[in-house]
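All figures in this text were calculated on a predicted structure; none of them were measured in a lab. All values below were derived from every heavy atom in this structure, side-chain atoms included, with hydrogens, water molecules and symmetry-related copies excluded. When a ligand or atom number is given, it counts from 1 through the structure's own listing order.
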Amino acid sequence: MADQFNVLIICGSLRKGSYNAALTRALPGLAPPGIKFVTAPPIETFPLYNADIQEASGFPPAAEDLATAVRAADAVLFVTPEYNWSMPGVLKNAIDWLSRMKEQPFEGKPVAIQSCSQGPLGGARMQYHWRMSMTFLKAFIFGTPEVFVGNAATKFNKDSLELTDQGTKDAVKAQLAAFVKFISRVKAGA
Ligand SMILES: Cc1cc2nc3c(=O)[nH]c(=O)nc-3n(C[C@H](O)[C@H](O)[C@H](O)COP(=O)(O)O)c2cc1C
């Protein structure tokens, strides 16, 4: 049997009606058999990063939980909106906490990203900022095909938030099919 990889999903939106969260719910139906998704523990309870907190009491339990989940995963998929042309603060804050850990959990981890926005570019500008942070953290960054879900309100059912847009489904499928091969290559050390 071919390998099956656990892929941890970290969503950058906390909103109940989030399009990004809606996209995460569609992923299992669009993934190849080699991917099993795991949802990350919550990131909204992290305190704002402060080195004084870290020195006084170590890492917050929520940050330890996320780090454990990242370490346990074969790969990580970020699904997040763009805020002011960059990453949402809540996501950057979570990454900042994990980045200070001794065994930094993103090092050597295959990572990919998808984004939904209500603007036409689908979060493209944010993705390049995320790529910079992940480069610094020595992750193995998946390249293409990229997934940018622009004008998100037109791509999901208004009431159920089910993903309805065929072009988006095709793009996600293509990315996940390529990502599973990428994970396999990274894990084989190729
Ligand atoms: C603080 C803030 C900043 C935003 N900045 C951007 C932006 O830079 N680019 C963009 O396309 N949309 C921006 N938006 C609109 C988001 O695309 C939209 O709110 C989207 O629905 C957020 O994702 P979600 O539905 O998963 O919560 C911003 C929204 C907020 C609340």
Side-chain angles (χ1 to χ4, degrees), residues 7-31 35-50 62-63 65-66 69-70 73 75-99 106 109 111-137 139 141-176 179:
V7 176
L8 185 78
I9 299 174
I10 302 179
C11 182
S13 176
L14 308 180
R15 205 165 74 80
K16 232 191 283 157
S18 160
Y19 294 112
N20 286 278
L23 181 59
T24 69
R25 293 192 290 275
L27 293 177
L30 301 170
I35 289 184
K36 183 168 170 270
F37 289 110
V38 179
T39 303
I43 57 173
E44 65 266 30
T45 56
F46 287 33
L48 291 177
Y49 180 79
N50 181 337
D65 288 349
L66 182 64
V70 171
V76 179
L77 175 62
F78 291 81
V79 182
T80 176
E82 172 177 280
Y83 280 179
N84 300 307
W85 291 18
S86 191
M87 269 185 269
V90 68
L91 179 60
K92 182 64 163 54
N93 186 52
I95 291 172
D96 289 345
W97 271 110
L98 268 58
S99 74
F106 290 109
K109 194 68 64 180
V111 293
I113 188 164
Q114 300 176 355
S115 53
C116 299
S117 91
Q118 295 195 50
L121 299 185
R125 291 162 293 216
M126 172 278 302
Q127 290 204 14
Y128 301 120
H129 288 188
W130 171 89
R131 285 177 189 277
M132 285 164 62
S133 294
M134 285 293 127
T135 299
F136 179 61
L137 295 180
I141 303 166
F142 175 78
T144 59
E146 297 162 297
V147 173
F148 306 118
V149 185
N151 301 314
T154 65
K155 313 266 165 82
F156 295 83
N157 179 284
K158 194 165 62 61
D159 302 312
S160 66
L161 289 178
E162 189 188 332
L163 177 63
T164 51
D165 182 67
Q166 192 56 47
T168 302
K169 289 182 187 179
D170 293 344
V172 169
K173 262 190 194 168
Q175 189 199 57
L176 295 176
F179 190 40

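In this structure, the side chain of Trp97 engages the main chain of Pro47 through a donor-acceptor pair within 3.5 Å. At distances below 3.5 Å, at least one donor-acceptor pair connects side-chain atoms of Asn20 with backbone N or O atoms of Cys116.
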Which side-chain N or O atoms in residues 7-16 pair as donor and acceptor under 3.5 Å with protein atoms at least two apart or in another chain?
residue	atom	partner	partner atom	Å
Ser13	OG	Arg15	N	3.3
Ser13	OG	Ser18	OG	3.3
Arg15	NH2	Gly17	O	3.0

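Closest heavy-atom contact between Ala124 and Phe148: CA-CE2, 3.5 Å. Gln175 and Ile113 get closest at one heavy-atom pair: NE2-O, 3.0 Å.
Dense packing is recorded around NZ of Lys169, with more than 12 heavy atoms of other residues, nucleotides or ligands lying under 6.0 Å away.
Within 4.0 Å of ligand 1, contacts by protein heavy atoms are made from Ser13, Arg15, Ser18, Tyr19, Asn20, Pro81, Glu82, Tyr83, Asn84, Trp85, Ser117, Gln118, Gly119, Arg125.
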